[in-house]
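The structure appears below as structure tokens.
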Amino acid sequence: MPARLIDGKAAAAHLIDRVSLAVAHLVTEQRLQPGLAVVLVGDDPASEVYVRNKARQTVAAGMRSFEHRLPASTSQAELLALVRRLNADPAVHGILVQLPLPPQLDEGEVIEAIDPAKDVDGFHPINVGRLSIGAPALVPCTPYGCSLLIREVLPEPAGLHAVVVGRSNIVGKPMAQLLLAMHCTVTIAHSRTRDLPAFARSADILVAAVGRPQMVRGDWIKPGACVIDVGINRVPADEPGKTRLVGDVAFAEAVEVAGAITPVPGGVGPMTIACLLRNTVIAACRQHRLPEPADL
Ligand code: NDP
């Protein structure tokens with residue numbers, strides 16, 4: 001029997017509905033309108049699309065959106081000065097600096113300059129550390145979205161073996177921390193892992209965050225496993241000159257073996273912005289010492 005499809009679009013829409021209700025409540029009961037500032041340096045077309053989408057969805061959820069577009073020639077000092085202004089601005093509860101930055105800029109220094117309380121990407125070392133010790137943290141959006149999708153199909157994942165392929169700071173490592181917090185037994189695999197297919201085959205939960213089109217084959221998957229495909233890869237389509245998106249998992253093969261699987265597109269992707277909006281509301285509540293909405 002083919003795997004159950006995990007519908008990230010629907011899950012993201014439900015989360016955004018809950019975020020919008022929480023925002024409406026904050027505005028009417030607390031006179032608090034959460035605000036998200038997004039900083040884009042340079043004119044990378046993909047980043048431009050992400051930033052526009054984030055701004056549109058932020059406003060649609062009832063929050064304030066502040067967009068800061070800086071030229072590709074921006075200096076480190078100019079970018080740090082903007083981050084400091086946003087740290088000090090009481091209307092801004094979340095700050096996101098769109099990555100990657102142009103090569104002359106030091107990403108690590110910029111991330112560390114963001115007030116950890118406003119770090120809605122969850123990349124600041126303080127939030128990374130808090131996540132790892134199980135303290136309240138702002139958690140990176142993509143892996144947090146994956147954890148929500150896993151819970152949809154596996155409400156009680158304690159004791160299951162989770163294998164995360166990829167160890168980036170943005171996806172793989174925080175994903176592994178979240179799975180550990182869900183009481184899974186966690187293996188992190190990467191480019192130096194020996195016999196990756198054997199590790200993958202032992203996974204009850206397999207998360208692929210690699211960036212290699214369709215690398216995970218059907219015969220790498222344990223029958224009935226939950227497969228979360230984070231990969232977004234553009235490959236040539238059948239029609240000449242056209243491209244299409246595929247994940248890191250060979251979907252047509254995997255869907256015949258897995259118990260549940262996220263499609264690409266329509267799986268993990270839509271959860272990322274939904275979790276960013278969720279993080280902004282959580283950040284606003286914490287900054288104002290208000291209770292966090294229970295359903296976020
Ligand atoms: P990175 O390039 O930062 O990390 C890739 C990881 O995969 C590395 O840890 C690397 O190992 C590992 N890897 C590379 N090749 C292999 C291999 N042959 N076997 C095993 N492991 C390998 O990527 P990201 O984590 O940023 O992103 C991963 C994927 O997720 C990409 O396709 C990206 O587009 C997508 N993505 C999707 C998002 C969304 O849905 N919104 C958000 C973020 C990312 P090593 O460390 O040893 O080099």
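Counting starts at 1 for both ligands and their atoms, following the listed order.
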If you scan protein heavy atoms around atom 31 (C) of ligand 1, the nearest is G211 CA, 3.6 Å
N233: numbered ligand 1 atoms lying under 4.0 Å from its heavy atoms:
32 (O)
Does A209 reach ligand 1, in the sense of a heavy atom lying below 4.0 Å from it?
yes
Would a 4.5 Å heavy-atom cut-off, applied to side chains only, mark P236 and T243 as touching?
no
Just let me know how V210 lines up against ligand 1, side chain, backbone, both or neither, with a heavy-atom cut-off below 4.0 Å.
both
Any donor-acceptor pair under 3.5 Å from Q287 side chain to A283 backbone
yes
Looking only at protein heavy atoms, identify the closest one to atom 15 (N) of ligand 1 and say how far it is in Å.
R212 NE, 2.8 Å
Below 3.5 Å, N or O to N or O, backbone or side chain included: is there any such pair between R192 and ligand 1?
no
Just by distance, no angles: are the side chains of Q76 and Q104 close enough, under 3.5 Å, to form a donor-acceptor pair?
no
Check for me whether A189 has a heavy atom closer than 4.0 Å to any atom of ligand 1.
no
G269: numbered ligand 1 atoms lying under 4.0 Å from its heavy atoms:
40 (O)
I'd like to know if the side chain of D229 and the backbone of D248 have a donor-acceptor N/O pair within less than 3.5 Å.
yes
Could you tell me whether the side chain of V139 reaches within less than 4.5 Å of the side chain of L178, counting heavy atoms only?
yes
Pick, from G166, S191, G172, P143, the option with the minimum heavy-atom distance to atom 45 (P) of ligand 1.
S191
Shortest protein heavy-atom distance from atom 9 (O) of ligand 1, along with the residue and atom involved
R167 N, 2.8 Å
Checking a contact table here: which protein heavy atom is nearest atom 36 (N) of ligand 1, and how many Å away?
V230 O, 3.7 Å
Looking only at side-chain N and O atoms, does N87 offer a donor or acceptor that is under 3.5 Å from a partner on R84?
no
Indicate yes or no: at least one non-hydrogen side-chain atom of L206 is less than 4.5 angstrom from one of V216.
yes
Judged by modelled atom types alone, do S202 and H161 share a side-chain donor-acceptor pair under 3.5 Å?
yes
of all protein heavy atoms, closest to atom 24 (P) of ligand 1 is S168 OG, 3.7 Å
Answer side chain, backbone, both or neither: which part of L196 comes under 4.0 Å from ligand 1, heavy atoms only.
side chain
Say whether, by atom type as modelled, one donor and one acceptor occur between the side chain of R286 and the main chain of A137 under 3.5 angstrom.
yes
How far is atom 44 (C) of ligand 1 from the closest protein heavy atom, and which atom is that?
V171 CG2, 3.9 Å
How long is the span from the CZ atom in R244 to the CD atom in E239, to the nearest 0.5 Å?
12.0 Å
Under-4.0 Å heavy-atom contact with ligand 1, by part of I232 that carries it:
both
Should the proximity of M215 to ligand 1, defined as any heavy atom under 4.0 Å, be assigned to the side chain, the backbone, both, or neither?
side chain
Out of T272, T193, T142, whose heavy atom sits nearest atom 42 (C) of ligand 1?
T142
So, does S47 use its side chain to make a donor-acceptor pair with the main chain of D43 at under 3.5 Å?
no
